Amino acid sequence: MRIAVPREIRDGEKRVALVPDVINKLTRLGYEVVIEAGAGVHSQATDDLYTAAGATVKSGNVISDADVVLSVTSLTPAQMGSLKKGAVTISFLSPVTGTDSIDAAGSAGVTAFSLELVPRISRAQSMDALTSQALCAGYRAALVGAELSPRFFPMLMTAAGTVTPAQVLVLGAGVAGLQAIATARRLGGVVSAYDVRPSSADEVKSMGATFINLELEALEGAGGYAREMTEERAAKQRELLTPYIAKSHLVITTAAVPGRTAPRLMTAQMVDAMEAGTIIVDLAAETGGNVEGSKPGEIVITAKGVQIWGGKDVPSQLPFHASSLYSRNVVNLLTLMTTPSKDGAPVSLNIDFTDEIIDKSATTHGGAKHTPGASEKGGAK
Ligand code: NAD
């Protein structure tokens, strides 16, 4: 059984799906691991380190004869089409927008798993790549904000006078938001945060930040995620947040609703209400933006001198640890569907759709789209 890891081909992608440290977890199960030469170049994972860890490093196409292909971003439809019938892929598949690759996987008889669809149950925490990558993005957001800011973050008592601490506001206190709070606090900022899910209040407080209670209707949806706001609710939220935004030196926005464009938390008018030299970091810039005027991968400077940093491939900006955490997530998911080699029997894949994690994260199987829950109804292939 051969696992292959190709170089990531998407522009700006610096992560790799397996780092050398985890190779032995797979070889111990009985797998052979082949890495495309140069795949780990941005993550300090050199070809020599892979070889020393027990993998084979090969130039050129490594995927067409593989049984399992691990990547960070989705394989292209052409790559899916080149795989062996019955092969398994694990990656972020963007199930809402990446339908071309999913269709190609279905036609090629490939079983394609989407990490976005791994259910958020406690047994699956070690496989939750959305969480591990959001952690990297939240950390990076606070550092970028501090770096762009012309101010100190901590309070300082100096002979030349006292420096007051930076006021940081985090909008959206999920995984990325909480990590942004923790990082901004470590830098010495005074942090407050808002989220539409009241259950996030205790988590915000446990990070040493203040939770802003706007006394608005809670928008707690299924699976711990938020629900979409009505336009009326959104306008009220923006109005009530304006005074908090106006007194902030750094605003970090991380708000998202799964499968939707990012909610608009700040209008151009609200940006204008901020002082010159203040910073906005919009982690949702790639999915439509929480902030009017933000552009993914760019720093927009308003006429008044407010800088809006739009996130693009943010976890990729911390490639070493983003790859390292991602690798553990995919190895844990693959291990769940592996029967290790034992007593002379080779390692094999056991794709058991009665397991909720496997069932919910598979998008295709047996030459067709996979529908979660089908096995309960006796329809799984
Ligand atoms: P996400 O990336 O979908 O959203 C980020 C945050 O934005 C969320 O906290 C959401 O409530 C918030 N948000 C959405 N619309 C908003 C708006 N209009 N205004 C302000 N905030 C808004 O979510 P996420 O960070 O991936 O996860 C959210 C929660 O899911 C976590 O905080 C946690 O409670 C839960 N979770 C559970 C597990 C698990 O049990 N294994 C794993 C990860 C996360």
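Just follow the structure's listing: the first ligand is 1, and inside any ligand the first atom is 1. Since the model is a prediction, treat every value here as computed from it, not as a measurement.
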N/O to N/O under 3.5 Å, ligand 1 against protein:
{"from": "ligand 1", "atom 1": "4 (O)", "to": "A256", "atom 2": "O", "distance (Å)": "3.3"}
{"from": "ligand 1", "atom 1": "7 (O)", "to": "A256", "atom 2": "N", "distance (Å)": "3.4"}
{"from": "ligand 1", "atom 1": "9 (O)", "to": "G174", "atom 2": "N", "distance (Å)": "3.1"}
{"from": "ligand 1", "atom 1": "9 (O)", "to": "D195", "atom 2": "OD2", "distance (Å)": "2.6"}
{"from": "ligand 1", "atom 1": "9 (O)", "to": "R197", "atom 2": "NE", "distance (Å)": "3.3"}
{"from": "ligand 1", "atom 1": "9 (O)", "to": "R197", "atom 2": "NH2", "distance (Å)": "2.7"}
{"from": "ligand 1", "atom 1": "11 (O)", "to": "D195", "atom 2": "OD1", "distance (Å)": "2.6"}
{"from": "ligand 1", "atom 1": "11 (O)", "to": "D195", "atom 2": "OD2", "distance (Å)": "3.3"}
{"from": "ligand 1", "atom 1": "11 (O)", "to": "R197", "atom 2": "NE", "distance (Å)": "2.8"}
{"from": "ligand 1", "atom 1": "19 (N)", "to": "Q237", "atom 2": "NE2", "distance (Å)": "3.0"}
{"from": "ligand 1", "atom 1": "25 (O)", "to": "V175", "atom 2": "N", "distance (Å)": "2.7"}
{"from": "ligand 1", "atom 1": "26 (O)", "to": "R120", "atom 2": "NH1", "distance (Å)": "2.7"}
{"from": "ligand 1", "atom 1": "26 (O)", "to": "R120", "atom 2": "NH2", "distance (Å)": "3.2"}
{"from": "ligand 1", "atom 1": "27 (O)", "to": "R120", "atom 2": "NH1", "distance (Å)": "3.1"}
{"from": "ligand 1", "atom 1": "30 (O)", "to": "G224", "atom 2": "O", "distance (Å)": "3.4"}
{"from": "ligand 1", "atom 1": "32 (O)", "to": "R197", "atom 2": "NH2", "distance (Å)": "3.1"}
{"from": "ligand 1", "atom 1": "40 (O)", "to": "R120", "atom 2": "O", "distance (Å)": "3.3"}

Original post:
Taking the six-membered ring for Trp, is the centroid-to-centroid distance between H370 and F353 below 6.0 Å?
Top reply: yes
Subject >> F92/Y326 aromatic ring centres below 6.0 Å >> reply: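 So the answer is yes for these two rings.
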Subject >> I23, T51, L49 screened by side chain to side chain contact (heavy atoms under 4.5 Å, CB included) with I35, the one that passes >> reply: I23
**OP:** May I ask you to test the L219-R233 pair for a side-chain heavy-atom distance under 4.5 Å?
**Re:** yes
Subject >> Selection residues 31-42 - residue pairs positive for side-chain hydrogen bond (donor to acceptor under 3.5 Å, both in side chains), sequence neighbours left out >> reply: R2-E32, Y31-T338
Subject >> Among E13, R15, E8, side chain to side chain donor-acceptor pair (under 3.5 Å) partner for T73 >> reply: E8
